[in-house]
Protein chains: 2
Amino acid sequence: MARISQIEKTTPPSEVSGTEPQSVGFRQREKIIRAATGVFSQKGYDGARVEEIAQRAGLPKGNVLYYYKTKKNLYRVVIEQVLSLWLEALGDISADDDPCDAISKYIRRKLDLSRHYPEASRLFAIEIIGGAPVIGEHLRGRLRDWVAQKGAIFHAWQQEGRMAPIDPAHAFFMIWAVTQTYADFQAQIEAVISPADYDAEVYEKGAPGVTAALVRGLGLSSKKQPLR
Amino acid sequence: MARISQIEKTTPPSEVSGTEPQSVGFRQREKIIRAATGVFSQKGYDGARVEEIAQRAGLPKGNVLYYYKTKKNLYRVVIEQVLSLWLEALGDISADDDPCDAISKYIRRKLDLSRHYPEASRLFAIEIIGGAPVIGEHLRGRLRDWVAQKGAIFHAWQQEGRMAPIDPAHAFFMIWAVTQTYADFQAQIEAVISPADYDAEVYEKGAPGVTAALVRGLGLSSKKQPLR
DNA sequence: CTCACTTTTGACCGAATGGTCAACTTTCGG
DNA sequence: CCGAAAGTTGACCATTCGGTCAAAAGTGAG
């Protein structure tokens with residue numbers, strides 16, 4: 001479950017009103033955000049119509065605008081929430097960890113994210129493809145720092161010969177690309193393998209092999225048997 | 001040919017008129033397609049405005065609609081052209097090839113595509129994320145067939161122990177994901193590594209390591225030294 | 001040059017859509 | 001039970017945008 005932590009500067013009608021988990025506004029906002037995530041992720045910002053978001057949320061359009069003053073503002077709230085989800089999932093990778101184990105877990109975490117929040121993943125993708133106009137700053141801030149930090153750990157592992165000598169940043173790009181492709185390119189994958197059950201086929205049958213391939217590709221070894 | 005074209009109402013200036021490489025129409029169409037690819041790839045179908053496409057092509061809006069009757073039609077032409085490019089690049093992989101060599105070459109081909117046609121890649125991505133409404137049929141047809149055919153080759157390699165036992169289709173998904181991420185997620189990658197020269201940094205410095213990791217991950221071996 | 005056809009262009013139109021608003025209803029502390 | 005604040009609603013407005021059109025300009029064969 002995604003935490004709906006609403007922290008916005010432009011609080012709708014009056015001050016901090018519908019923010020308390022019990023209030024009517026809170027539930028409405030939740031419904032709206034869920035609907036908006038779905039519509040934005042499929043149509044992109046411009047393609048999404050406020051009217052459609054409202055319908056999905058089971059509310060009249062005017063009510064949606066009541067809570068989130070403008071479409072743009074609503075989009076910002078949604079995309080930032082998705083980013084939070086994404087950044088949380090980055091999780092921890094510690095230098096003391098067993099490389100193979102740590103990265104396997106990380107990959108699993110990312111795959112779970114794709115599996116359970118495919119719309120969020122797609123929305124994120126659309127935002128990036130469009131040049132990340134809204135979350136660009138965050139990427140250049142938090143994400144960049146995270147990569148720099150974890151990259152140092154990778155580097156250490158590489159010095160010890162427990163990871164292949166690949167640029168740490170690119171290692172992440174690979175992992176992200178592969179794990180997210182199952183959410184973002186679901187339509188293509190379905191077209192190619194026509195699974196009866198996408199979820200099972202991909203995340204249960206396919207995932208182990210893919211994870212193994214990534215770990216092998218990154219040359220990750222367990223403590224007991226160092227690389228080469 | 002003049003009289004014949006008069007009858008057709010649905011096709012702009014007759015489907016066959018502006019098609020000859022020398023005619024005025026041909027060059028105009030070319031300019032329009034180029035402009036449209038750029039705008040569609042950045043804004044998606046709905047976000048793209050015909051007016052903007054026209055401006056980029058250096059033409060009045062009316063002229064664009066003159067050649068491509070509707071925005072939708074223009075989009076179809078553009079996306080199908082992109083798909084052709086994508087399918088062409090699939091190229092040939094033969095059972096007789098050395099696995100390591102063949103896949104390395106294939107990866108390079110895909111990377112070149114991302115490098116030289118990033119907009120096409122992004123447009124393709126947007127189409128897929130949106131559920132592939134226009135090219136879905138093609139994916140279920142040509143692409144699916146291609147994957148089935150090449151998958152058989154992978155299977156043969158695996159029987160010989162020259163490729164890791166990963167589902168062939170997923171092997172392709174991995175390769176596609178990784179190679180396309182450099183075009184599709186350029187904004188994110190730039191945010192993380194702030195390269196002075198994206199092209200050089202990614203495709204010259206980063207590519208070799210990434211290619212190696214993929215090949216290693218897929219457990220591809222040259223003929224001389226079989227896997228395991 | 002003439003004539004038939006193609007291409008260009010900007011004015012214009014109707015539909016769609018984001019956003020406003022005022023009237024109305026619900027909620028809830030005191 | 002009262003009253004103020006929060007929330008609901010649909011009508012309405014202004015703008016945007018895809019598409020049409022007619023008139024003008026270009027083109028090229030005979």
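Residue numbering restarts at 1 for every chain, and letters A, B, ... go by the order of the sequence lines.
Of the candidate nucleotides C:dG18, D:dA6, D:dT9, D:dA6 has the atom nearest to the side chain of A:Tyr66. The nucleotide whose nearest atom lies closest to any side-chain atom of B:Pro60 is, among C:dG10, D:dT9, D:dC17, C:dG10. Of the candidate nucleotides D:dT8, C:dT8, C:dG18, D:dT8 has the atom lying nearest to any side-chain atom of A:Asn63. Relative to the side chain of A:Tyr67, the nucleotides C:dG18, D:dC17, D:dT8 differ in distance, and D:dT8 lies closest. Distance from the side chain of B:Leu65 is smallest for D:dT20 among the nucleotides D:dT20, C:dT8, D:dT8.
Separating the CD atom of B:Glu51 from the C1' atom of C:dT9 is a distance of 12 Å, rounded to the nearest angstrom. What separates CD of B:Gln28 from C1' of C:dT9 is a distance of 13 Å, to the nearest Å. The NZ atom of A:Lys69 sits 12 Å away from the P atom of D:dG7 (whole-angstrom rounding). Look at OH on B:Tyr68: it is 17 Å from P on D:dT20, rounded to the nearest Å. The interatomic distance linking A:Leu74 (CG) with C:dT17 (P) rounds to 16 Å, in whole Å. What separates NZ of B:Lys71 from P of D:dG19 is a distance of 8 Å, to the nearest Å. In this entry the distance linking CZ of B:Phe26 with C1' of C:dT6 reads 18 Å, nearest Å. Taking atom OH of residue B:Tyr45 and atom P of nucleotide D:dC17, one finds them 14 Å apart after rounding to whole Å.
For B:Gln81 and B:Trp86, the side-chain atoms include no donor-acceptor pair closer than 3.5 Å.
For A:Lys71 and A:Tyr45, the positive end sits near the middle of the six-membered ring, less than 6.0 Å away and at most 45° from its axis.
A salt bridge links A:Arg115 to A:Asp199: at least one charged side-chain nitrogen sits closer than 4.0 Å to a carboxylate oxygen.
At a threshold of 4.0 angstrom between heavy atoms, the contacts of B:Ala48 are confined to the sugar-phosphate backbone, with no base atom among them.
For A:Lys61 against D:dG10, no side-chain N or O and base N or O form a donor-acceptor pair under 3.5 Å.
Note: B:Trp176 CH2 to B:Leu113 CG = 12.5 Å, rounded to the nearest 0.5 Å.
When all heavy atoms of A:Trp146 and A:Gly91 are compared, the pair lying nearest together is NE1-O, 3.4 Å.
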